[in-house]
Chemist: 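Quick one: structure below, then a few questions.
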Amino acid sequence: MHGTIETTCFDLDLTLASGQVFRCRKEGGSWTVCSRDRLIRLRQDGPRLEFSGAGEAFVRRFLGLDDDTADALERLERIPRLRPAIRACRGLRIVRHDPWECLVSFICSTRSNIPKIARSLDLLARRFGRPISGGGGVCAFPEPGSLDDLDLLRSTGVGYRAEYLFETNRLCTEERLAAIGRLPYEQAREALKEFPGVGDKVADCVCLFAFGFREAFPVDVWVRRAMLALYPRSGTRESEIRRAALRLFGPDAGYAGQYLFHHRRLCEGKTLGEGKALGRGAALSA
DNA sequence: CGCCAGGCTGTGC
DNA sequence: GCACAGCATGGC
């Protein structure tokens, strides 16, 4: 390990195993995470976070370590119906992922599950990406424009999402994505939905996990269940649930949603790699 | 065999 | 605007 960061209100396991980033795995107490062409190793011991593979500034930004998480969680914990999720997952942070990898990841995520998403992204990197030097066989995530072979896309197990990836790859450039990230939240959300395979939920995932719009509230089946249980009168349609969340949680909606998501899954015994099996089901197999 | 998974698209009303 | 079917794939 090359550097150390003293953290507060941070839990590496919760952050990396909560379905924000998929090309990561835990082995022998330390995590290996891939973001685009960087391979980062991380180990947490109490408040001490050891890292290598990237500079401190990158690690801080990627893991959201400079966000005022404590303030947001304090506000959310005052909402009684949210308190169990906040207490159970304290230290979970919203990451700041690479927009292109995040976009592709969540196009793959539709009507799928986390272990399968991880496998597909690992295969995508192997089929289309270049090996990371000194990465032990781990490949960089393919650049925008390089996902240009439909048959090869289909071979990664993404099924009907192969056409979405193919078309989005054709339309998307690094510059276009960056420009979308500079728009106001609602406009960025609409602009993302111009890419095939991107609807309300995927757009909100990119807004939250890559662009840092903390009011974004992705509504998937787990968040829907959690909200229906906690706020049964706020409506059942996705649009109603999202409106309710923005009204109830305001600028902290993103954190609220991610805590609800992960807590709900913890309560049902479903986490990335099913707990002990991190490595068998997880991504980044070399 | 069935049902489910961090939903989206096209169609019909 | 709304609801609803179809969609590929793999795990259980």
Side-chain angles (χ1 to χ4, degrees), chain A residues 14-24 85 89 92 94-95 97 101-124 127 150-169 171 189-210 213 216-228 235-243 245 253-278 280-283 285:
Chain A
L14 286 171
T15 300
L16 292 182
S18 61
Q20 305 181 67
V21 178
F22 301 97
R23 294 197 303 137
C24 56
C89 302
L92 194 171
I94 303 292
V95 304
H97 203 6
E101 182 165 352
C102 188
L103 175 64
V104 171
S105 299
F106 283 97
I107 288 176
C108 293
S109 79
T110 65
R111 200 66 187 176
S112 186
N113 56 74
I114 290 178
K116 186 168 184 291
I117 299 161
R119 267 197 309 280
S120 287
L121 292 174
D122 186 39
L123 284 172
L124 267 180
R127 300 273 195 273
L150 202 46
D151 289 328
L152 212 50
L153 282 170
R154 292 202 179 97
S155 77
T156 64
V158 291
Y160 62 88
R161 307 166 194 86
E163 280 82 3
Y164 298 154
L165 293 177
F166 184 82
E167 280 305 305
T168 293
N169 172 75
L171 294 170
R189 194 167 179 275
E190 293 310 305
L192 286 168
K193 285 161 67 175
E194 291 174 13
F195 296 116
V198 181
D200 292 318
K201 191 271 175 182
V202 171
D204 268 334
C205 284
V206 176
C207 281
L208 181 61
F209 302 138
F213 292 112
F217 189 83
V219 180
D220 75 320
V221 292
W222 299 97
V223 172
R224 170 192 300 272
R225 284 175 198 150
M227 287 293 285
L228 289 178
T236 60
R237 290 198 303 276
E238 179 180 327
S239 59
E240 296 174 321
I241 292 173
R242 178 170 170 267
R243 269 199 303 276
Y255 263 92
Q258 190 58 18
Y259 274 66
L260 287 175
F261 171 77
H262 197 57
H263 184 235
R264 184 85 193 184
R265 288 172 53 84
L266 286 177
C267 290
E268 311 231 351
K270 291 172 162 300
T271 58
L272 176 62
E274 306 300 319
K276 64 165 189 165
L278 278 168
R280 181 181 62 186
S285 35

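Residue numbering restarts at 1 for every chain, and letters A, B, ... go by the order of the sequence lines.
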Chemist: Could you give the distance separating dC8(B) and dG11(C) at their C1' atoms, to the nearest angstrom?
Modeler: 22 Å
Chemist: Taking atom C1' of dG6(B) as reference, at what distance in whole Å does atom CZ of F209(A) sit?
Modeler: 8 Å
Chemist: Measure centre to centre between the rings of F22(A) and F106(A), then say whether the value is under 6.0 Å.
Modeler: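 Under 6.0 Å, so yes.
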Chemist: Could you give the distance separating dA8(C) and dT11(B) at their P atoms, to the nearest angstrom?
Modeler: 15 Å
Chemist: Map K193(A) and D220(A) onto DNA chain B by nearest heavy atom, then report which one ends up closer to the 5' terminus.
Modeler: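 Its nearest nucleotide being more 5', the pick is D220(A).
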Chemist: Counting the atoms with a prime plus P, OP1 and OP2 as sugar-phosphate, which does S18(A) contact under 4.0 Å by heavy atoms, base, sugar-phosphate, or nothing?
Modeler: base
Chemist: So that I can tick it off, tell me whether K193(A) and D200(A) are bridged by a salt bridge, with the cut-off set at under 4.0 angstrom between side-chain N and carboxylate O.
Modeler: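 Yes, D200(A) and K193(A) are salt-bridged.
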Chemist: Using whole Å, report how far NZ of K270(A) lies from C1' of dA5(B).
Modeler: 8 Å
Chemist: Any sub-3.5 Å donor-acceptor pair from S155(A)'s side-chain atoms to L152(A)'s backbone N or O?
Modeler: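 Between the backbone of L152(A) and the side chain of S155(A) there is a qualifying donor-acceptor contact (under 3.5 Å).
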Chemist: Would you tell me whether T156(A) and R127(A) have side-chain atoms, one donor and one acceptor, within less than 3.5 Å of each other?
Modeler: no
Chemist: Between E268(A) (CD) and dC4(B) (P), how many Å, whole number?
Modeler: 12 Å
Chemist: Would you kindly give the CH2-to-P distance between W222(A) and dG7(B), to the nearest whole Å?
Modeler: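 Rounded to whole Å, this separation is 10 Å.
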Chemist: Run the side-chain contact (heavy atoms from CB on, under 4.5 Å) test against T110(A) and tell me which residues pass, sequence neighbours left out.
Modeler: Y160(A), R161(A), V202(A)
Chemist: Taking the same atom, C1', in dG6(B) and in dA3(C), what whole-Å distance lies between them?
Modeler: 22 Å
Chemist: If I take atom CG in residue L103(A) and atom C1' in nucleotide dC8(B), what distance separates them, rounded to the nearest angstrom?
Modeler: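 It works out to 14 Å between those atoms.
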Chemist: Measure CZ/F22(A) against P/dG6(B) and give the value in whole Å, please.
Modeler: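 Distance, rounded to whole Å: 9 Å.
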Chemist: Please tell me which of R225(A) and A203(A) maps to the more 5' nucleotide of DNA chain B, matching each residue to the nucleotide holding its nearest heavy atom.
Modeler: R225(A)
Chemist: Where along nucleotides 1-10 of chain C does protein come under 4.0 Å, by heavy atom, of base (B) or sugar-phosphate alone (S), with - for untouched nucleotides?
Modeler: -SS---BBBS
Chemist: Would F261(A) count as stacked on dG6(B) if the rule is ring centres under 5.5 Å and plane angle under 30°?
Modeler: yes
Chemist: Per the side chain to side chain contact (heavy atoms under 4.5 Å, CB included) rule, which among D220(A), I117(A), L121(A) passes with S109(A)?
Modeler: I117(A)
Chemist: For the pair made of CD1 in I114(A) and P in dG7(B), what is the distance, rounded to whole Å?
Modeler: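 Value for this atom pair: 10 Å.
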Chemist: Checking side chain to side chain contact (heavy atoms under 4.5 Å, CB included) for the pair R264(A)/V223(A): CA distance, chi angles, key distance, verdict?
Modeler: CA-CA 8 Å; R264(A) 184 85 193 184; V223(A) 172; over 6 Å; no
Chemist: Under a 4.0 Å threshold between the charged nitrogen and the carboxylate oxygen, would D151(A) count as salt-bridged to R154(A)?
Modeler: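 A salt bridge links R154(A) with D151(A).
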Chemist: Which whole-number value in Å describes the distance from L165(A) CG to dG7(B) C1'?
Modeler: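 After rounding, the gap between these two atoms is 14 Å.
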Chemist: Within the 4.0 Å heavy-atom criterion, would you say Q258(A) contacts the bases, only the backbone, or no part of the nucleic acid?
Modeler: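 Base contact.
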Chemist: Check every strand shown and say whether V198(A) touches a base, only sugar-phosphate, or nothing at a heavy-atom separation below 4.0 Å.
Modeler: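 Here V198(A) touches the backbone only, sparing every base.
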Chemist: Classify G19(A) by what it touches in the nucleic acid, base, sugar-phosphate, or nothing, heavy-atom distance under 4.0 Å.
Modeler: base
